[in-house]
J.: 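Handing you a structure now.
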Amino acid sequence: MATETHGADQGGLVFHPMDQFIVKPLFGDGPVGLFTLTNVTLWMALTVLAIFALLVMGTSGRATIPSRVQSIAELAYDFIRKMVEDVAGKDALVFFPYIMTLFLFILFANFLGLLPMAFTTTSHIAVTAVMAVMVFLTVTIVGFVKHGFGFLGLFWVSSAPLALRPVLALIEVISYFVRPVSHSIRLAGNMMAGHAVVKVFAAFAPMILISTGIGLAVTPLSILAISTIYALEVLVAFIQAYVFTILTCVYLKDALHPSH
């Protein structure tokens, strides 16, 4: 069995789609410590630089007739502002900068992770969990600061029959504290699964080969399959940023208007 495994490794048919998610130090091969610069650090920094280039450098001219970069920045601004206002209300616009930052960070991290040899930071639960916990703490603190103990009205379904209200309240409390878990796992799980599928399709491509006199050529079918999955991942990258952001707005709405 060991001989067969070794032979498979030598033949190149064994692939490891999860290797792309391994956190590695940028310098050397030592262990990853608390202050170690890693591939995660690098790609998070590149994400921040991309956002800076779009919002600061791209709009520095403030032209009446905007450039393409300025147009994209303005579209992103209007898109998120309208989302916040429509979902959470006008009184939630004070949180617009925070929500805009979340959306752009996730969006650019997702898109940059689609580049060859890149690292998708949002595929790690450690990254998404921090963002989800920050959202959870923010809306909880805002709820208690704005409404005091009246914020607990979020868990009391006054429209339900009296006998069912305690049971529903327990369910509401559990679902409330599960929010950061589902909020973070949804994003990380979708990004990890999508990239793993792309890697699997890319690794299976050499197994669908046409033998020729001069070597091996990948069939058009395998190229089409990989291109389709990659295009789907581009769509998922945007959708996951949108879903994380709109859920943040929904949670913020509960904090600002907690009554059922």
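This chain uses plain numbering: 1 for the first residue, then up along the sequence.
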J.: Could you grab the distance from atom CG of L26 to atom OG1 of T41, nearest 0.5 Å is fine?
T.: 6.5 Å
J.: Going from CE on M131 to CZ on F105, what distance comes out if it is rounded to the nearest 0.5 angstrom?
T.: 6.0 Å
J.: So F136 and F177, would you call those rings parallel, tilted or perpendicular, with 30° and 60° as cut-offs?
T.: tilted
J.: Are any non-hydrogen side-chain atoms of I99 and L252 less than 4.5 angstrom apart?
T.: yes
J.: Could you tell me whether the side chains of T140 and Y176 share a donor-acceptor contact shorter than 3.5 Å?
T.: yes
J.: Nearest 0.5 angstrom please: W43 CH2 to L112 CG, how far?
T.: 6.0 Å
J.: Could you tell me whether K253 and D91 have a side-chain N and a carboxylate O separated by less than 4.0 Å?
T.: no
J.: Restricting to non-hydrogen atoms, name the atom on A53 and the atom on V69 that form the minimum distance, rounded to 0.1 Å.
T.: O-CG1, 4.5 Å
J.: Classify the ring geometry between F79 and F238 as parallel (under 30°), tilted (30 to 60°) or perpendicular (over 60°).
T.: tilted
J.: Could you grab the distance from atom CG of L187 to atom OG1 of T122, nearest 0.5 Å is fine?
T.: 5.0 Å
J.: Can I141 be reached from V133 by stepping across I, L, V, M, F, W or Y side chains whose heavy atoms are under 4.5 Å apart?
T.: no
J.: Would you check if there is a donor-acceptor pair between the side chains of T245 and T248 at a distance under 3.5 Å?
T.: no
J.: Just to verify, what does I239 make a side-chain contact (heavy atoms from CB on, under 4.5 Å) with, not counting sequence neighbours?
T.: L235, V243
J.: F103 and F108: side chain to side chain contact (heavy atoms under 4.5 Å, CB included), yes or no, with the steps?
T.: CA-CA 9 Å; F103 174 77; F108 275 91; over 6 Å; no
J.: Side chain to side chain contact (heavy atoms under 4.5 Å, CB included) for V87 and K82? Distances and angles first, verdict last.
T.: CA-CA 8 Å; V87 176; K82 189 175 188 304; over 6 Å; no
J.: Aromatic rings F119 and H124: how do their planes relate, parallel, tilted or perpendicular, breaks at 30° and 60°?
T.: tilted
J.: Side chains of residues 188-195: which donor-acceptor partners sit under 3.5 Å, not counting sequence neighbours?
T.:
unit_1, atom_1, unit_2, atom_2, d
N190, ND2, R186, O, 2.6
H195, ND1, M191, O, 2.8
H195, NE2, G113, O, 3.2
H195, NE2, T120, OG1, 2.9

